[in-house]
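Values below: all heavy atoms of this structure, side chains included; hydrogens, waters and symmetry mates excluded. Start at 1 with the first residue, then count along the sequence.
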Amino acid sequence: MNKIGAIIPTFNRKASLRTILTCMQAQSYTHPITLIPIVVVDGSTDGTLEMVADQFPAASIVHGDGNWWYTHSINEGIKKARELNCNFVLTLNDDLTFNDSYIDTIFADHLAAGPDSVIGSISLSATTPRLITFSGVSKVTRALKEYNYLPKFSPVAEETLSGVKPSLVLSGRGILYPISIFDRFGLYDEQLVQYSSETDFTYTASANGVPVMISFNARVYENVRMTSAGAVYNNPSLRALLRSFRNKYSINSWYKTRYFATKHRGLLTGSLIAILRMAGVVKNFVVVKLKPKK
C-alpha cells in the first residue's frame, strides 16, 4: 500500500479548507493508495480546528502557534508524515480544488517517471475561462530568470493539456515527493519563511540529478486573489508594494529575494540579481498602473 500524507498548511481559511478536504474525500483510485490529510493549523481562531475534527475525523491535525508560516508548517507536516509511516508527501495549499481522480493521476505519473521522481501539478485559475498560473519551468538562466512552458495568466483549453515534462523548479501547489528525498536533502529551508522554499528545494533537487517533472495531467485550480496579496498582478497600492519589500513574509520581500539569489548564485552575483529582480517588480508595477482600464 502506498501511503500519501497530504500536507495542507492553513490559517483562518475554514471555508476554503473545507472545500479542499471535501475534494480529498471524493477521490477514487485505480492504484493501491491510502491518503491521509495532514492539516497544519497555524493558530487559526475561526473554528478551523473544530470543523476539521467534526467533519473530517480521518485528518491528522498538527497544531502551530500562529508564527510558523508556510515553510515551517510544511516541515512540521513532513515530520508528522514520517510519524504516520507515509512513504509519500503531497504538498497542497488550502485554496485549491481538483477533480476526483487527481491523486490517482499524479501518483500514476510518478510511477511512470521513476521511483525517485518528484511530480508537480499544472495550476489553473479556479474561475473560467481557465488561465495558466503555473505550467513548469523549462529553463533557468544564470540570472535566475525562469522560462515557463506556457505564459502565466494566458488562457488555455484544458482538453489540450496532457503529458509530463521536466521542470527545473516547481510550485508548492501540488508536489508529490517520495518521502526519502527529505533524508537526502533535508527539509525546506526555513530562511525562506513564506515564499520560494519549494522553488529552492526542487531547484536543488533537479540540480543534483533528481527527475523533477510537471504533470499536465494532474491539475489543480487556485483562487488567485487569495494568495500573494502584494504581487503586482493583484494590483496593490504603491504604499502596499513598498511595504511588501520590507516584509519578510511577502512575495516581494527583499530579504527573501536576496537570500535565494545569493544561495544559488553566490554573494556578488546573487546580490546584483536581487537588485535587478526588485527593479523588475517596480517596472511591472508601473506598467500595470499605466495600463488603460477596461
Side-chain angles (χ1 to χ4, degrees), residues 69-71 74-75 91 93 117-123 132-154 165-175 177 181 184-215 222 224 227-234 236 241-242 244-288:
W69 296 85
Y70 175 80
T71 301
I74 288 289
N75 286 343
T91 63
N93 285 12
S117 64
V118 174
I119 309 293
S121 310
I122 192 167
S123 178
I132 291 289
T133 56
F134 183 75
S135 62
V137 174
S138 61
K139 176 182 177 182
V140 177
T141 68
R142 180 66 182 163
L144 293 175
K145 178 177 173 60
E146 298 176 2
Y147 286 83
N148 300 317
Y149 282 108
L150 298 170
K152 192 168 185 175
F153 297 126
S154 60
K165 303 175 184 290
S167 183
L168 293 174
V169 302
L170 292 173
S171 158
R173 294 182 293 275
I175 305 177
Y177 295 105
I181 197 171
R184 180 177 175 185
F185 295 108
L187 301 177
Y188 279 14
D189 187 341
E190 294 192 10
Q191 292 299 313
L192 298 164
V193 184
Q194 180 69 4
Y195 291 99
S196 299
S197 54
E198 77 282 8
T199 303
D200 168 68
F201 188 92
T202 53
Y203 191 36
T204 299
S206 63
N208 283 275
V210 174
V212 177
M213 317 292 285
I214 182 75
S215 171
E222 66 162 314
V224 177
T227 57
S228 309
V232 169
Y233 57 75
N234 277 331
L241 181 75
L242 296 176
S244 75
F245 292 162
R246 302 189 300 271
N247 181 356
K248 70 177 182 177
Y249 306 108
S250 165
I251 193 171
N252 296 325
S253 163
W254 162 249
Y255 172 81
K256 180 267 295 181
T257 303
R258 184 173 182 273
Y259 178 83
F260 182 92
T262 56
K263 179 176 181 178
H264 291 282
R265 294 295 185 263
L267 181 60
L268 293 178
T269 301
S271 297
L272 178 59
I273 289 170
I275 291 169
L276 294 174
R277 183 66 56 88
M278 302 305 282
V281 172
V282 174
K283 176 185 173 183
N284 291 338
F285 173 83
V286 172
V287 169
V288 168

May I ask you to test the [X]-[Y] pair for a side-chain heavy-atom distance under 4.5 Å?
X      : Y      : answer
Val137 : Asn148 : yes
Val210 : Arg184 : yes
Phe285 : Asn252 : no

Can you tell me how far [atom2] of [Y] sits from [atom1] of [X], rounded to the nearest 0.5 angstrom?
X      : Y      : atom1 : atom2 : answer
Phe245 : Ile251 : CZ    : CD1   : 11.5 Å
Glu146 : Lys139 : CD    : NZ    : 13.0 Å
Tyr70  : Asn75  : OH    : CG    : 9.5 Å
Lys256 : Leu192 : NZ    : CG    : 8.0 Å
Ile119 : Ser167 : CD1   : OG    : 10.5 Å
Met213 : Leu168 : CE    : CG    : 11.0 Å

Does a side chain donor of either Glu222 or Asn93 reach within less than 3.5 Å of an acceptor in the other side chain? no
Donor-acceptor check, side chain of [X] to backbone of [Y], threshold 3.5 angstrom: yes or no?
X      : Y      : result
Thr133 : Ser123 : yes
Lys248 : Ser253 : no
Ser250 : Ser244 : yes
Thr71  : Val193 : yes
Glu198 : Ser171 : no
Thr202 : Leu170 : yes

Looking at Tyr147, I'd like to know if the NZ or CZ of Lys145 sits under 6.0 Å from its six-membered ring centre while staying within 45 degrees of the ring's axis. yes
On a heavy-atom basis, the closest approach of Ala261 and Gly270 is CB-O, 3.2 Å
Between Tyr149 and Ser135, which heavy-atom pair has the shortest distance, and what is it? CD1-O, 3.3 Å
Got a sec, which pairs hit salt bridge (Lys or Arg N to Asp or Glu O under 4.0 Å) with one end in residues 261-283, sequence neighbours left out? Asp189-Lys263, Asp200-Lys263
The test is side-chain contact (heavy atoms from CB on, under 4.5 Å); show your working for Ile132 and Ile122 and say whether it passes. CA-CA 8 Å; Ile132 291 289; Ile122 192 167; 3.9 Å; yes
Could I get the full list of side chain to side chain donor-acceptor pair (under 3.5 Å) partners for Tyr255, not counting sequence neighbours? Gln191
Audit row: Ser271, Thr262, side-chain contact (heavy atoms from CB on, under 4.5 Å) steps and yes/no: CA-CA 6 Å; Ser271 297; Thr262 56; 3.8 Å; yes
Residues that Trp69 engages under ring-ring contact (aromatic ring centres under 6.0 Å, His included), provided they are two or more places apart: Tyr249
Ring geometry between Phe201 and Phe185 (parallel below 30°, tilted from 30 to 60°, perpendicular above 60°): perpendicular
Could you go step by step and tell me if His264 and Thr269 meet the side-chain contact (heavy atoms from CB on, under 4.5 Å) rule? CA-CA 9 Å; His264 291 282; Thr269 301; over 6 Å; no
